[in-house]
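What you see is a predicted model, and the numbers here were worked out from it, not measured in a lab.
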Amino acid sequence: MAAAGAPDGLEEPGMDTEAEAVAAEASARPLNCVEAEAAVGAAAEDSCAARGSLQPAPAQPPGDSAAQASVSNGEDAGGGAGRELVDLKIIWNKTKHDVKFPLDSTGSELKQKIHSITGLPPAMQKVMYKGLVPEDKTLREIKVTSGAKIMVIGSTINDVLAVNTPKDAVQQDTKTEENKKEPLCRQKQHRKVLDKGKPEDVMPSVKGAQERLPTVPLSGMYNKSGGKVRLTFKLEQDQLWIGTKERTEKLPMGSIKNVVSEPIEGHEDYHMMAFQLGPTEASYYWVYWVPTQYVDAIKDTVLGKWQYF
């Protein structure tokens, strides 16, 4: 802006000094854009634009989700926080699952956890730890320790439909065929053992009852040669141990093809039982004087089938 009376192209002396003074004053106190324009013209307008671009960003509201992004959202938050956990090995269908589980949870809650891992419905589970795990007791009450092996027996609905139905049909045909034959206990190969009579140290029987496997070996029985035999069910190893005076055979449950049994005539509270170890009847391992209350539990455990008691 040229001063009045000054030649064209020349500025009045002291103009630069005045502009610099106004600019210095603008930096010393806040000015609105109108005041700045009146003082220094276009230069002040540029100054306002520059000042506006340097306004600080608004503070983040306290409840904004971005401000809370660093808050943990892990699995341990909530109901499991502060609860004492134990390391468990869940063994089902020859597969092991390592899990951490609250020590003060009940057997019923453990079944729900197993269901989430395996898809096996709680109603079709048999959960074993030194015997059947009670649904109403906590793991602490039944003295479960860290590293414990929990054995689960049972089949999913799909397994039952796809696998067990054909097997059941085959077994039914086998039973029908067996019914045409004379009772097993009358056959010569079995009579030579049964004629020895009931062993004095055989375990007591409970006729008409069905019980889960005891925590001790089943003992006091005979094998086909008339020698004493005991059965030990190692659920945590998925094995059946057949012990005699001479040796102990450790058989994987999955290697046993079938289990058959029949009451002994005149002593119906005891059974004779065979474990099929190969493809034919010649591979049967016979055991005599099995207490009747354990027969179904033995079949369930060895064959991995669920039967409602």
Side-chain angles (χ1 to χ4, degrees), residues 90-96 111 114 118-133 149-179 184 209-215 217-218 221 223-224 229-243 248-263 270-309:
I90 307 294
I91 304 173
W92 174 69
N93 202 19
K94 299 181 181 179
T95 302
K96 294 182 180 179
K111 282 190 172 184
I114 293 170
T118 65
L120 185 63
M124 300 183 71
Q125 295 177 23
K126 264 188 163 180
V127 183
M128 314 289 288
Y129 175 74
K130 298 180 180 179
L132 198 64
V133 173
K149 295 179 179 178
I150 306 296
M151 182 74 180
V152 181
I153 301 171
S155 300
T156 64
I157 297 298
N158 290 338
D159 290 338
V160 171
L161 294 176
V163 180
N164 285 349
T165 300
K167 284 187 177 180
D168 288 343
V170 172
Q171 290 178 356
Q172 187 62 40
D173 292 342
T174 302
K175 289 180 180 178
T176 302
E177 187 64 27
E178 288 175 351
N179 289 336
L184 292 171
Q210 292 178 318
E211 298 180 5
R212 65 175 184 265
L213 292 175
T215 56
L218 292 174
M221 300 169 290
N223 59 19
K224 64 180 180 180
V229 65
R230 65 184 177 276
L231 302 177
T232 306
F233 296 88
K234 292 289 186 178
L235 301 181
E236 67 279 5
Q237 301 175 31
D238 200 25
Q239 292 180 346
L240 168 62
W241 292 10
I242 301 178
T248 298
E249 297 287 345
K250 300 179 180 180
L251 305 175
M253 299 284 192
S255 69
I256 301 173
K257 310 300 182 185
N258 198 12
V259 181
V260 298
S261 68
E262 182 181 288
Y270 288 93
H271 281 228
M272 50 188 294
M273 177 177 285
F275 300 96
Q276 185 177 344
L277 308 181
T280 66
E281 291 186 7
S283 66
Y284 280 2
Y285 186 98
W286 286 97
V287 178
Y288 304 86
W289 303 100
V290 179
T292 186
Q293 70 267 27
Y294 300 128
V295 169
D296 283 336
I298 292 173
K299 290 180 179 179
D300 283 350
T301 302
V302 172
L303 299 178
K305 288 181 58 180
W306 174 261
Q307 295 183 7
Y308 289 94
F309 284 6

Step by step, would you call L231 with I242 a side chain to side chain contact (heavy atoms under 4.5 Å, CB included)? CA-CA 5 Å; L231 302 177; I242 301 178; 3.9 Å; yes

Once you round to the nearest 0.5 Å, how far does [atom1] of [X] lie from [atom2] of [Y]?
X: T215; Y: M128; atom1: OG1; atom2: CE; answer: 10.0 Å
X: I90; Y: K96; atom1: CD1; atom2: NZ; answer: 12.0 Å
X: L213; Y: Q293; atom1: CG; atom2: CD; answer: 10.5 Å
X: D238; Y: T301; atom1: CG; atom2: OG1; answer: 10.0 Å
X: K149; Y: L235; atom1: NZ; atom2: CG; answer: 12.0 Å
X: E262; Y: L184; atom1: CD; atom2: CG; answer: 4.0 Å

Which heavy atom in [X] sits nearest to a heavy atom in [Y], and how many Å separate them?
X: K250; Y: P252; value: O-CD, 3.8 Å
X: D300; Y: I153; value: O-CG2, 4.0 Å
X: G278; Y: S283; value: N-OG, 2.8 Å
X: L303; Y: K257; value: CD2-O, 4.2 Å
X: Y294; Y: L218; value: CD1-CD2, 3.5 Å

Not counting sequence neighbours, which residues clear side chain to side chain donor-acceptor pair (under 3.5 Å) with Q239? List them please. W241

Does the pair I298 and F275 meet the rule for a side chain to side chain contact (heavy atoms under 4.5 Å, CB included), with working shown? CA-CA 10 Å; I298 292 173; F275 300 96; 3.9 Å; yes

Should the ring pair W286 and Y288 be called parallel, tilted or perpendicular, given that the plane angle runs from 0 to 90° and is split at 30 and 60? parallel

Under 4.5 Å between any side-chain heavy atoms of V127 and L132, yes or no? no

Is there a side-chain contact between V290 and M221 (heavy atoms, below 4.5 Å)? yes

Side-chain donor/acceptor of Q125 to backbone N/O of K111, under 3.5 Å: yes

How would you list, by chain and number, every residue that makes a ring-ring contact (aromatic ring centres under 6.0 Å, His included) with Y270, sequence neighbours excluded?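 In terms of ring-ring contact (aromatic ring centres under 6.0 Å, His included), with neighbours along the sequence ignored, Y270 is linked to W289.
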
Quick one, K299 with S261, criterion side chain to side chain contact (heavy atoms under 4.5 Å, CB included). Give me CA distance, side-chain angles, the key distance, then yes/no. CA-CA 9 Å; K299 290 180 179 179; S261 68; 3.2 Å; yes

Quick one: do L251 and Y285 satisfy side chain to side chain contact (heavy atoms under 4.5 Å, CB included)? Show the steps, please. CA-CA 12 Å; L251 305 175; Y285 186 98; over 6 Å; no

